[in-house]
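Single-structure report; data block below.
We use all heavy atoms of the structure for the numbers below, so side chains are in, but hydrogens, waters and symmetry mates are not. These numbers were taken from a predicted model, which means no experiment stands behind them.
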Amino acid sequence: MIYGAMKFSIGGSLKLAFRPWVEGLENIPAEGPAILASNHLSFSDSFFLPAVLDRKVTFIAKAEYFTSPGVKGKLTAAFFKGVGQLPVDRSGARGAGEAAINAGIDVIKSGGLFGIYPEGTRSPDGRLYRGKPGGLARVALATGAPVIPVAMIDTEKIQPPGKVVPKLMRPGIRIGKPLDFSRYQGMEGDRFILRSVTDEVMYEIMKLSGQEYVDIYATAAKRQIADEAKRIADEQKAAEKAERAREIEQAKRAEQPGD
């Protein structure tokens, strides 16, 4: 009931305000389990996709969103539960990865739709990055559920980093045909099979999204971007320090009496 009310209020508001366009809705099964594997451009991806579907989609979210104290914490928890987010405890030796896999398997076994982002994190620059071979492939092979590739289009342009007020524009969603990996069911322990399944899904997402593909993980790309930003900042500080030193030296020379 909470999900239905939240979907009606949030989903209805999103569709009214942003009017997202959708292609391939017929590829979502009317009933039964399926995995929705999507690219990840924006925090809003987990809201726009459920907003255009008739069925509930369960994504995973940090457990901290559900356990914060106070009135704000309770409201936040109610919001995330209401929009179909599932809390995942990131503690332990293997952290969120193993917890996400178990959560996904539970959703599939209950006959639901499980949403997952194979890249593991949002794209730092709008390009499509290498899929991680853990969660998506392991859930698919452990359950035999079909994998439906999904491409979010332009959602990152709605609220770019640093912008408080979202831009009113039409994002898009392309939903591809289901991929059947049941031939590999039970082989989730084979890392080569996991890699192959993941790469096949990412290729389909790339075709749907039209994004440039980068064969490294998005987490590595974010580190590279952060390192480059730090290098530029350090060089700028060093240049400013050298310039100040020159100005001080010039001032000292100007104060010295002439010969």
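Counting heavy atoms from C-beta on, the side chains of V147 and V197 never come closer than 4.5 Å. Inter-residue side-chain proximity for I216 and Q224 is flagged as met; some heavy-atom pair is nearer than 4.5 Å. Looking only at side-chain heavy atoms (C-beta outward), L41 and Q211 come within less than 4.5 Å of each other. Residues F114 and I60 have side chains in contact (heavy-atom distance under 4.5 Å, counting atoms from C-beta outward). A heavy-atom distance below 4.5 Å is found between the side chains of P20 and V52. Counting heavy atoms from C-beta outward, I28 and D54 have side chains that stay 4.5 Å or more apart. N27 has its side chain within reach of P178: a pair of non-hydrogen atoms, C-beta onward, lies under 4.5 Å apart. Looking at L53 and I175, their side chains come closer than 4.5 Å, going by heavy atoms from C-beta outward.
Look at E249 and K252 and you find no salt bridge, because none of the NZ, NE, NH1 or NH2 atoms lies under 4.0 Å from a carboxylate O. Between E247 and R244 no salt bridge is recorded (no basic side-chain N to carboxylate O distance below 4.0 Å). A salt bridge is defined here as a Lys NZ or Arg NE, NH1 or NH2 lying under 4.0 Å from an Asp or Glu carboxylate O, and E228 with R231 meets this definition. Under the 4.0 Å criterion applied to side-chain N and carboxylate O atoms, R138 and E188 are not assigned as salt-bridge partners. The pair D234-K230 meets the salt-bridge criterion, since a charged nitrogen lies less than 4.0 angstrom from a carboxylate oxygen.
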Practice task
Applying side chain to side chain contact (heavy atoms under 4.5 Å, CB included), run through L49 and F59 and close with a yes or a no.
Solution key: CA-CA 11 Å; L49 180 56; F59 288 89; 4.0 Å; yes

Practice task
Report the C-alpha distance between K237 and E240 in whole Å, list the side-chain angles of each, state the deciding distance to 0.1 Å, and finish with yes or no for salt bridge (charged side-chain N to carboxylate O under 4.0 Å, His left out).
Solution key: CA-CA 5 Å; K237 288 181 180 179; E240 291 173 351; over 6 Å; no

Handout entry: Check against side chain to side chain contact (heavy atoms under 4.5 Å, CB included), I173 and V150
Key = CA-CA 7 Å; I173 302 171; V150 176; 3.9 Å; yes

Practice task
Take I158 and D154, measure what side chain to side chain contact (heavy atoms under 4.5 Å, CB included) needs, and give me the verdict at the end.
Solution key: CA-CA 7 Å; I158 292 175; D154 291 337; over 6 Å; no

Problem - Y184 and D190: CA distance, side-chain angles, deciding distance, side chain to side chain contact (heavy atoms under 4.5 Å, CB included) verdict - result: CA-CA 10 Å; Y184 299 130; D190 188 323; over 6 Å; no

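With hydrogens and angles disregarded, no donor-acceptor distance shorter than 3.5 Å links the side chain of R174 to the backbone of A151. Remark: side-chain polar atoms of R130 are not paired, donor with acceptor, to backbone N or O of M202 under 3.5 angstrom. Judged purely by atom type and a 3.5 angstrom limit, T198 uses its side chain to pair as donor or acceptor with the backbone of L194. Judged by distance alone, the side chain of D106 and the main-chain N or O of A103 form no donor-acceptor pair under 3.5 Å. Remark: side-chain polar atoms of E119 are not paired, donor with acceptor, to backbone N or O of N39 under 3.5 angstrom. In this structure, R19 contributes its side chain and R170 its backbone to no donor-acceptor pair below 3.5 Å. Checking side-chain atoms of R122 against main-chain N and O of E156 turns up no donor-acceptor pair under 3.5 Å.
Listed here is the closest heavy atom pair of S46 and Y117: OG-OH, 2.7 Å. Nearest heavy-atom pair across T155 and S44 is CB-OG, 4.0 Å. For the pair A145 and I108, the tightest heavy-atom approach, listed with the atom from each and the gap, is CB-CG2, 3.7 Å. For V57 against G115, the heavy-atom pair with the smallest separation is CG1-N, 3.9 Å. Listed here is the closest heavy atom pair of G144 and S182: O-CB, 4.4 Å. Considering every non-hydrogen atom in both L113 and P29, the closest pair reads CD2-CG, 4.5 Å.
Criterion: ILVMFWY side-chain heavy atoms under 4.5 Å apart, direct or through other members. Under it, Y217 and I225 are not part of a common hydrophobic cluster. Cluster membership for L25 and W21, using ILVMFWY side-chain heavy atoms within less than 4.5 angstrom, is not shared. Grouping the Ile, Leu, Val, Met, Phe, Trp and Tyr side chains by contacts below 4.5 angstrom, directly or via other members, places Y213 apart from I153. In the hydrophobic cluster analysis, where Ile, Leu, Val, Met, Phe, Trp and Tyr join through side-chain heavy atoms closer than 4.5 angstrom, L128 is grouped together with Y203. Both L168 and V22 are members of a single hydrophobic cluster when ILVMFWY side chains are connected at heavy-atom separations under 4.5 Å.
I35 CD1 to I116 CD1: the interatomic distance, rounded to the nearest 0.5 Å, is 7.5 Å. Separation of atoms CD1 (I232) and CD (Q236) is listed at 9.0 Å; rounding is to 0.5 Å. A distance of 8.0 Å separates CG in L141 from CE in M187, rounded to the nearest 0.5 Å. Atom CD of Q185 sits about 9.5 Å away from atom CG of D180, to the nearest 0.5 Å. Taking CE from M152 and OG from S209, the interatomic distance works out to 11.5 Å, rounded to the nearest 0.5 Å. To the nearest 0.5 Å, atoms CD1 (I205) and NE2 (H40) are separated by 12.0 Å.
The aromatic rings of F48 and F18 sit perpendicular, their planes meeting at an angle over 60°, well past the 30° parallel limit.
Other residues, nucleotides and ligands contribute over 12 non-hydrogen atoms within 6.0 Å of the NZ atom of K222.
Between the side chains of Y129 and T121, no donor-acceptor pair of N or O atoms lies under 3.5 Å.
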